[in-house]
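Worksheet: the structure to be examined is printed underneath.
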Amino acid sequence: MMKIYDWPTGPYPARVRIALAEKGMRAAVRFVSVDLWKGEHKKPEFLAKNYSGTLPVLELEDGTFIGECTAITEYLDALDGAPTLTGRTAREKGVIHMMSKRAELEVLDAVSVYFHHATPGLGPDVELYQNPEWGFRQRDKALRGMHYFNSILEKRPFIATDAFSMADISLIGGLIFADLVKLPIPEECTALRDWWARMQERPSVKHRVAFSEPALATP
Ligand SMILES: N[C@@H](CCC(=O)N[C@@H](CS)C(=O)NCC(=O)O)C(=O)O
């Protein structure tokens with residue numbers, strides 16, 4: 001069985017949990033918890049699985065490790081021969097990849113830097129270097145990014161195409177993180193707020209933490 005190393009409430013792990021649920025593949029993986037608050041992701045044993053020291057990581061049955069949410073999502077989407085999240089045509093693949101990367105660069109990763117640099121983050125034992133000025137700049141970048149995605153959602157129902165895709169999942173990750181650090185979507189971004197309300201109603205998003213609990217309990 002495939003394994004996913006993650007932390008149930010983490011915004012990045014949420015992206016893979018959502019992708020799995022959207023694909024109906026929950027039963028195909030076992031979750032292994034890595035405690036971010038204890039810094040388990042920075043220990044040599046975990047770094048051997050993922051050089052970057054981040055969650056989530058997918059382990060295939062042949063022992064291959066795949067890190068990075070987008071890479072994991074692409075792998076899972078290709079597995080059943082019926083891609084629904086990363087695009088069927090060349091055009092869809094290109095546009096979805098671009099918009100997903102943009103959601104990471106402009107919102108999700110920026111909120112993450114804000115969390116790690118301008119707030120206590122994961123605590124003094126884990127956050128060995130903090131640069132608050134950089135953190136606050138990234139917070140402002142994330143707010144600009146929210147305005148950008150609001151302008152996209154004024155024109156179409158989803159981030160990349162007319163259908164739900166990996167790009168939506170990447171921005172969902174960003175807004176999950178923004179919620180955690182209490183960075184609200186600006187009032188005037190009504191299209192983004194409406195989209196976020198719709199996304200939170202999707203079962204894959206709503207039940208992302210709960211669905212793996214039985215698997216977590218399995219040794
Ligand atoms: N680019 C990576 C980023 C993953 C990431 O930052 N994950 C968070 C979990 S929510 C993490 O491991 N943070 C711990 C840290 O940076 O110390 C991806 O997309 O998978």
Side-chain angles (χ1 to χ4, degrees), residues 2-22 29 31-60 64-77 85-86 96-132 134-135 138-139 141-142 145 159-160 165-183 204-205 208-209 211-212 216:
M2 294 187 287
K3 280 186 208 158
I4 291 186
Y5 298 86
D6 89 343
W7 185 246
T9 51
Y12 289 84
R15 296 164 66 191
V16 167
R17 285 164 172 256
I18 293 166
L20 280 168
E22 292 282 344
V29 304
F31 287 89
V32 180
S33 227
V34 177
D35 195 331
L36 286 175
W37 297 93
K38 288 190 185 147
E40 281 177 7
H41 57 300
K42 300 299 182 201
K43 304 252 161 75
E45 192 197 348
F46 183 78
L47 294 177
K49 297 178 176 56
N50 180 11
Y51 170 80
S52 300
T54 55
L55 300 169
V57 178
L58 171 69
E59 182 178 357
L60 306 185
T64 302
F65 291 105
I66 302 181
E68 296 299 320
C69 292
T70 44
I72 297 170
T73 305
E74 279 168 5
Y75 175 84
L76 295 172
D77 206 22
L85 298 175
T86 56
I96 290 170
H97 189 119
M98 172 184 72
M99 292 307 278
S100 174
K101 185 73 184 172
R102 205 169 272 173
E104 289 183 330
L105 287 173
E106 307 298 338
V107 180
L108 173 57
D109 293 350
V111 175
S112 177
V113 174
Y114 167 63
F115 169 72
H116 289 291
H117 285 272
T119 80
L122 293 170
D125 294 342
V126 183
E127 308 292 357
L128 300 181
Y129 168 74
Q130 291 196 295
N131 183 334
W134 177 235
Q138 294 296 306
R139 178 199 59 186
K141 179 179 183 177
I159 298 299
S165 75
M166 176 170 74
D168 294 283
I169 299 178
S170 300
L171 190 59
I172 288 168
L175 296 188
I176 289 172
F177 215 154
D179 262 3
L180 283 175
V181 298
K182 304 196 179 357
L183 190 63
S204 63
V205 179
R208 65 184 184 276
V209 176
F211 82 69
S212 65
L216 273 177

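As the structure lists them, so they are numbered: ligands from 1, and atoms in each ligand from 1. Numbering of residues begins at 1 and proceeds along the displayed sequence.
- Residue contacts with ligand 1: R15 is included, with a non-hydrogen atom under 4.0 Å away.
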Discussion item. Run L108 and R15 through side chain to side chain contact (heavy atoms under 4.5 Å, CB included) and show every step you take.
Written reply: CA-CA 11 Å; L108 173 57; R15 296 164 66 191; 3.4 Å; yes
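- Looking from atom 4 (C) of ligand 1 to the surrounding protein, the closest heavy atom is L55 O, 3.3 Å.
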Practice prompt. Using the side-chain hydrogen bond (donor to acceptor under 3.5 Å, both in side chains) rule, take T86 and E74 through it: C-alpha gap first, then chi angles, then the decisive distance, then the call.
Written response: CA-CA 6 Å; T86 56; E74 279 168 5; 6.0 Å; no
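- Listed for the D179 side chain is no donor-acceptor partner under 3.5 Å among the backbone atoms of I176.
- Contact atoms of ligand 1 toward T54: 4 (C), 5 (C), 6 (O), 7 (N), 12 (O) (distance under 4.0 Å to a heavy atom of the residue).
- Under the 4.0 angstrom criterion for non-hydrogen atoms, P11 is in contact with ligand 1.
- Side-chain contact between P8 and R17: present, with at least one pair of heavy atoms (C-beta onward) separated by less than 4.5 Å.
- In this comparison of A14, C69, S170, the heavy atom closest to atom 20 (O) of ligand 1 sits on C69.
- Y12 has its side chain out of reach of W7: every pair of non-hydrogen atoms, C-beta onward, lies at least 4.5 Å apart.
- For atom 16 (O) of ligand 1, the nearest protein heavy atom (residue, atom name, distance) is H116 NE2, 3.6 Å.
- For ligand 1, the polar-atom distance check finds an N/O of E68 within less than 3.5 Å of one of the ligand's N/O atoms.
- Residue K42 approaches ligand 1 through these ligand atoms, each under 4.0 Å from one of its heavy atoms: 15 (C), 17 (O).
- Neither the backbone nor the side chain of S52 has a heavy atom within less than 4.0 Å of ligand 1.
- Side chain of H116 to backbone of G121: no donor-acceptor contact under 3.5 angstrom is found.
- Residues K42 and L122 are not in side-chain contact: their nearest non-hydrogen atoms beyond the backbone lie 4.5 Å or more apart.
- Looking only at protein heavy atoms, the nearest one to atom 17 (O) of ligand 1 is H41 NE2, 2.8 Å.
- For the pair D77 (side chain) and L85 (backbone), a donor-acceptor distance under 3.5 Å is present.
- Counting the atoms of ligand 1 from 1 in the order shown, those under 4.0 Å from a heavy atom of P13 are 9 (C), 10 (S).
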